[in-house]
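Note that the structure is predicted; figures quoted are calculated from it, not measured.
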Amino acid sequence: MTNRKSIVLPNATDSEISLVFYEADMDTIKSKINFTQNVFSFLISGQKEIYNAQNPNYLSGNEFALITTPNCLMTEKKSAPSRLYKSILLFFSHSILNEFKFTHQHLIQKLASSNTQEVLTFTYDDYSHYFRSSLQLLLANRETLSPEMLKAKFTEIMLYLLKYEPLKMGMLLQNQQHDREFVFKTTIENNLYSHLDLEELAFLCNMSLSTFKRHFKSYYQMSPRKYFIQKRMEMAEYLLKNGERPKEVFQQAGYKTLSNFIKAYKAHFNKTPGI
């Protein structure tokens, strides 16, 4: 069973940093998340999908994420019907992140590329497993859960990731500003085949649907529907010509079902793909 909702996270807090244990007995599909703070999401059990203006991110129970984007779409699924979805969330303010960047700027790798990332994913290793366990211990003993302790834990994991994932962390921590057109086009190009509808894409661009459509036509000189069909058919044709079968192609080309893909392909090319 699934549900769909819009959420502001953290719900309401005066704290610059906070730690939350989260569990759910139902899947959530593409919930609209408005983050008022940054967050580490330490997955314990289940699966997570994160869609933002950049590439979609898929997490199993062996990964965790660092999220600094204000808007994203998030799917959370249980690993089995009898199990709960579980994670630990470490929220921290922009001022805490900026303080860390200022204090440890000598450790931040300067990248030649201007590309930045707002969502990073990491595979658990022995150290990060231990770190997650230490957060669980803090949650179990609320007397130790002070802002000072949480800032120390935040600094600990950030310094560890800077040491062992310098390129990823550099892409997040380097200060680069993108103009609105670049962000808009990046959102579109990175989600051509991610099964998002126009309302969801508009949300990722922080726009109303009508504003999104207007900007889209201004940037691409055609409607969103026409552009997405054109790009997806180009991808499908390329894959088919390279020997892949329709049942292997439809998801890569951005279609949820084989029947929908065949219908769209026939409408576009006036023929059916070979099955």
Side-chain angles (χ1 to χ4, degrees), residues 2 4 27 29-32 47-60 63 65 69 71-75 77 113-121 167-168 171 178-275:
T2 61
R4 189 183 180 104
D27 295 344
I29 307 298
K30 291 181 184 174
S31 297
K32 294 180 178 180
Q47 300 174 341
K48 182 192 291 286
E49 300 173 7
I50 305 169
Y51 298 88
N52 71 318
Q54 297 161 333
N55 296 322
N57 293 272
Y58 305 94
L59 285 77
S60 67
E63 287 134 345
T69 184
N71 293 336
C72 72
L73 298 164
M74 192 173 294
T75 292
K77 296 180 180 180
S113 170
S114 62
N115 291 332
T116 59
Q117 293 291 324
E118 294 179 327
V119 178
L120 299 179
T121 61
L167 291 178
K168 279 189 176 182
M171 292 175 73
H178 299 304
D179 62 31
R180 189 172 188 177
E181 181 176 351
F182 180 87
V183 172
F184 184 91
K185 289 186 173 180
T186 299
T187 302
I188 301 305
E189 300 305 318
N190 286 336
N191 287 286
L192 284 173
Y193 317 107
S194 58
H195 304 164
L196 302 184
D197 60 32
L198 295 186
E199 182 179 346
E200 291 165 342
L201 287 169
F203 174 78
L204 294 182
C205 294
N206 201 25
M207 295 178 178
S208 68
L209 182 56
S210 59
T211 301
F212 174 84
K213 289 180 178 179
R214 186 169 64 252
H215 277 76
F216 196 103
K217 194 163 186 179
S218 172
Y219 293 150
Y220 290 97
Q221 289 76 53
M222 66 178 71
S223 69
R225 183 177 182 278
K226 185 175 180 180
Y227 183 82
F228 273 82
I229 289 175
Q230 177 178 305
K231 289 297 181 181
R232 289 173 177 180
M233 288 300 104
E234 288 174 1
M235 170 64 80
E237 191 76 342
Y238 171 82
L239 294 172
L240 291 168
K241 286 181 177 179
N242 280 273
E244 296 197 39
R245 298 166 61 85
K247 66 180 181 181
E248 300 164 337
V249 165
F250 75 92
Q251 287 187 323
Q252 296 181 67
Y255 290 89
K256 293 181 179 179
T257 66
L258 177 59
S259 60
N260 283 344
F261 166 68
I262 292 174
K263 183 179 178 180
Y265 188 96
K266 185 176 181 179
H268 188 78
F269 291 110
N270 200 30
K271 63 179 182 179
T272 57
I275 298 177

Which value, rounded to the nearest 0.5 Å, describes the distance between [X] atom [atom1] and [Y] atom [atom2]?
X    : Y    : atom1 : atom2 : result
M74  : N57  : CE    : CG    : 9.5 Å
L204 : T187 : CG    : OG1   : 6.5 Å
H195 : E200 : NE2   : CD    : 11.5 Å
F184 : L201 : CZ    : CG    : 8.5 Å
I50  : L73  : CD1   : CG    : 11.0 Å

Could you give me the CA-CA distance, side-chain angles and deciding distance for K30 and E199, then say whether salt bridge (Lys or Arg N to Asp or Glu O under 4.0 Å) is met? CA-CA 12 Å; K30 291 181 184 174; E199 182 179 346; over 6 Å; no

Minimal non-hydrogen separation, A53 against N190, with atom names: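 Answer, listing the atom of A53 first, then N190: O-ND2, 3.8 Å.
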
If every non-hydrogen atom of E244 is compared with every non-hydrogen atom of V249, which pair is closest and at what distance? CB-CG2, 3.7 Å

[Y] side chain reached by [X] side chain, heavy atoms, under 4.5 Å:
X    : Y    : result
Y227 : L192 : yes
P246 : Y265 : no
E118 : Q54  : yes
E63  : Y58  : no
F216 : L198 : no
H268 : R232 : no

Would you please indicate if the ring centroids of F212 and F203 are separated by under 6.0 Å? no

Within the 6.0 Å centroid threshold, strictly below: Y255 and F261: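 Centroid separation for Y255 and F261: below 6.0 Å.
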
